[in-house]
Amino acid sequence: MRDTRGDVMLTFRVNDARLDMDQGNNRSEMNSLLSQLQRIENDPDAALKSFYIYSTSSPEGNYEKNVTLSQRRMQSALDLIMDNLSPTTRRYMEVKSDASVEPWETLVKMLRADSLNTEADAVAEIIARYPGQMDMQSVRVRKLPFYSSLIPEKYLPRMRKVSYEFLTSQYRYLTDDEIAEVYKTDPKSLSRFEFFRLYRYVAKTPAEKEEYLKKALETHPNFIVAATDLSAMKLERGEADYDLLAAYLKPGNKTKKIPDESRLNHIAACLASHHYLEADSLASLLPDTPKFHKAKVYTDVFNGRYEEAMQEVAAESPINEVVILLALKANDQAWRKASKLGGSAEEEYLKAVAANRVDEYMAAVSHLENALRLKPELKEIAKIDGDLIDLMEEREEEEEQI
């Protein structure tokens, strides 16, 4: 929104409200104003919202007649301006004209500004003697000895003014810097697109990006793109958030278009939070393209379709290969492969499972101890792991005896 103000020097004949374009500088003054308005009118990215023209008259003469004449003059000027604008602009633009009479107090201020304090005191005395009586004030001021030689030529013309004001809407996207400034004071006024630019291009750190994403979802709860991007951030740091996208993907949700990327991120969150059937259902909706292929493969694995996914999952890493072989009950092969794994807590844990499957009791105990030493929280998993329950029970019995 842009507010523009200015003055135009319009001349009217005595006691005449009609605006004569051939009098004085009326034509050039009006053409200058009209060119401003038409320039905005012809700009496809701008619109005139309102136009207001008003005048102030000098206070000599009858007050009521001055007010009425000024109002008619302003309406005459306004009619001419509106005739030069398109019907569409006029239809959607608020228009107004007004007029007033400058009080004699203004003359007092002007005289004092010019250090004519004696003359100013004389006018001020009349105003004080006849408060609120404009006509009587005018009669008395005109009888002052200095009035004729000083006031009509030097001061009254300065009290006559025609001014205008119009408001324009400029339609454009905010710059990134402008969006950042708006966020500081009124984040809820930002659109989805502006939040998108904020977290994609303005954020300098992951923490700042996450702050913008959360505020975007707080302001626009159905902003699935922001929810998808926040989900991706959390997945990347190993913090799968099942609830973040679940509501968008439930049957009956009003979100018209669900991006495949949203389904992909939610599949990963489902697998991490053991919602395997839901992940399977979502995977069936993804297109058969390389971008989504791996999600389909891992969804197959978590839903027990091991043989279909064996080769691809096994090729991902030696750990995956051992996991798939264990799932397929290929225990001897799993143990041979597990024996070649490294020494991380997870790898030691898999070695313990594989060893116990083939009755390599001592190896299973050793690898389990290594896994729990490296990562004590694996103990809670081992307690309910059907492949290691027996070893854990024996371990607890030994600990009790000690």
Side-chain angles (χ1 to χ4, degrees), residues 3-41 48-110 123 126-127 130 132-144 147-148 150-168:
D3 199 357
T4 302
R5 295 179 176 85
D7 298 325
V8 284
M9 300 299 295
L10 300 180
T11 303
F12 293 86
R13 290 190 177 91
V14 177
N15 293 324
D16 190 352
R18 186 177 62 88
L19 179 61
D20 185 350
M21 293 295 285
D22 294 324
Q23 184 174 352
N25 294 322
N26 287 352
R27 187 174 300 279
S28 62
E29 289 287 308
M30 287 299 291
N31 285 344
S32 175
L33 172 57
L34 288 170
S35 67
Q36 290 186 69
L37 298 175
Q38 289 167 347
R39 194 161 49 244
I40 297 166
E41 186 179 40
L48 281 165
K49 305 298 289 183
S50 66
F51 182 82
Y52 179 30
I53 187 168
Y54 51 96
S55 72
T56 54
S57 302
S58 54
E60 79 281 10
N62 180 271
Y63 176 76
E64 293 298 333
K65 288 183 179 179
N66 279 347
V67 171
T68 301
L69 183 61
S70 292
Q71 289 173 339
R72 289 172 58 204
R73 285 173 171 174
M74 288 307 94
Q75 188 60 47
S76 175
L78 181 60
D79 290 343
L80 188 148
I81 292 166
M82 291 300 105
D83 286 344
N84 283 273
L85 298 176
S86 73
T88 301
T89 298
R90 295 199 302 268
R91 186 180 305 120
Y92 294 106
M93 182 173 67
E94 179 187 5
V95 294
K96 184 180 178 182
S97 67
D98 201 1
S100 63
V101 176
E102 197 74 37
W104 285 110
E105 283 86 351
T106 303
L107 176 61
V108 174
K109 294 177 182 177
M110 290 178 173
V123 176
I126 292 172
I127 295 170
Y130 303 102
Q133 301 179 52
M134 288 288 291
D135 289 339
M136 183 59 71
Q137 290 174 13
S138 297
V139 171
R140 295 299 180 181
V141 169
R142 289 201 304 270
K143 290 182 178 181
L144 290 170
Y147 180 84
S148 298
L150 179 65
I151 306 304
E153 293 296 325
K154 185 173 182 180
Y155 292 102
L156 292 185
R158 290 163 57 186
M159 299 170 76
R160 303 173 190 135
K161 185 168 65 173
V162 176
S163 302
Y164 63 84
E165 179 178 343
F166 57 84
L167 188 64
T168 308

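Quick caveat: nothing in here was measured; it's all calculated off a predicted structure.
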Asks: For side-chain contact (heavy atoms from CB on, under 4.5 Å), just list the numbers for V162 and M74, CA-CA rounded to whole Å, side-chain angles, deciding distance to a tenth of an Å, and then say yes or no.
Replies: CA-CA 8 Å; V162 176; M74 288 307 94; 3.8 Å; yes
Asks: Would you compute the distance between atom CD of E102 and atom OG1 of T56 and round it to the nearest 0.5 angstrom?
Replies: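 One gets 5.0 Å once the value is rounded to the nearest 0.5 Å.
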Asks: Looking at every heavy atom in both S32 and S35, which two are closest together, and how far apart are they?
Replies: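 Closest approach of S32 to S35: O-OG, 2.7 Å.
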Asks: Measuring from L85:CG to E41:CD, what's the distance to the nearest 0.5 Å?
Replies: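 Rounded to the nearest 0.5 Å, the CG-CD separation comes to 5.0 Å.
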Asks: Between S58 and R160, do the side chains contain a donor N or O and an acceptor N or O under 3.5 Å apart?
Replies: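 On atom types as modelled, these side chains qualify, holding a pair under 3.5 Å.
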Asks: Given 3.5 Å as the limit, does a donor-acceptor pair link the side chain of E29 with the main chain of V8, or not?
Replies: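 No; zero donor-acceptor contacts below 3.5 Å.
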Asks: Any idea which heavy atoms bring S76 and L19 closest together, and the distance?
Replies: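 That closest heavy-atom pairing would be OG-N, 3.3 Å.
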Asks: Please indicate whether M21 has more than 12 foreign heavy atoms, meaning atoms of other residues, nucleotides or ligands, lying under 6.0 Å from its CE.
Replies: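 Buried by this count: over 12 neighbours within 6.0 Å.
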Asks: Determine whether R18 and R13 make a side-chain contact, defined as any pair of heavy atoms from C-beta on separated by less than 4.5 Å.
Replies: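 With C-beta onward as the side chain, the pair touches.
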Asks: Would you say the side chain of P103 lies within less than 4.5 Å of the side chain of T106, judging by non-hydrogen atoms?
Replies: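 When only atoms from C-beta onward are counted, P103 and T106 do touch, with a gap below 4.5 Å.
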Asks: Starting at CG of D16, measure out to CZ of R72 and round the result to the nearest 0.5 Å.
Replies: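 So the CG of D16 and the CZ of R72 are separated by 8.0 Å.
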Asks: Could you tell me whether the side chain of Q75 reaches within less than 4.5 Å of the side chain of L78, counting heavy atoms only?
Replies: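 With C-beta onward as the side chain, the pair touches.
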Asks: Does the side chain of Q38 come within less than 4.5 Å of N84's, by heavy atoms?
Replies: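 Side chain of N84 against side chain of Q38, heavy atoms only: contact under 4.5 Å found.
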Asks: Kindly indicate, with the supporting measurements, whether the criterion side-chain contact (heavy atoms from CB on, under 4.5 Å) is fulfilled by R90 and V95.
Replies: CA-CA 8 Å; R90 295 199 302 268; V95 294; over 6 Å; no
Asks: Answer yes or no: is there a side-chain heavy-atom contact under 4.5 Å between I40 and T89?
Replies: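 In short, these two side chains do not touch, never coming nearer than 4.5 Å.
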Asks: Counting only N and O atoms by type, is there a donor-acceptor contact under 3.5 Å from the side chain of R73 to the main-chain atoms of T11?
Replies: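 No, the answer is negative, given that no donor and acceptor are paired below the 3.5 Å cut-off.
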Asks: Looking at E105, I want to see if its CD is surrounded by more than 12 non-hydrogen atoms of other residues, nucleotides or ligands under 6.0 Å.
Replies: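 Yes, CD of E105 has more than 12 neighbouring heavy atoms, counting only those of other groups under 6.0 Å.
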Asks: About how many Å separate CD of Q133 and OG of S138, when rounded to the nearest 0.5 Å?
Replies: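 With rounding to 0.5 Å, OG (S138) is 11.0 Å from CD (Q133).
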Asks: For the pair Y54 and Y52, name the ring-plane relationship: parallel under 30°, tilted 30 to 60°, perpendicular over 60°.
Replies: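 Rings of Y54 and Y52: tilted, 30 to 60°.
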Asks: Are the side chains of P59 and M159 in contact, using a 4.5 Å heavy-atom criterion?
Replies: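 A side-chain contact under 4.5 Å exists here.
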Asks: So do the side chains of E60 and Y147 get within less than 4.5 Å of each other, counting heavy atoms only?
Replies: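 A side-chain contact exists here, since the closest heavy-atom pair is under 4.5 Å.
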Asks: Would you give the length of the straight line joining atom OH of Y164 to atom CG of L10, rounded to the nearest 0.5 angstrom?
Replies: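 Here the rounded value is 11.0 Å.
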Asks: CZ/F51 to CG/L167 distance, rounded to the nearest 0.5 angstrom?
Replies: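 F51 CZ to L167 CG: 12.5 Å, rounded to 0.5 Å.
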Asks: Between M30 and I81, is there a side-chain heavy-atom distance shorter than 4.5 Å?
Replies: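 Yes, side chains in contact.
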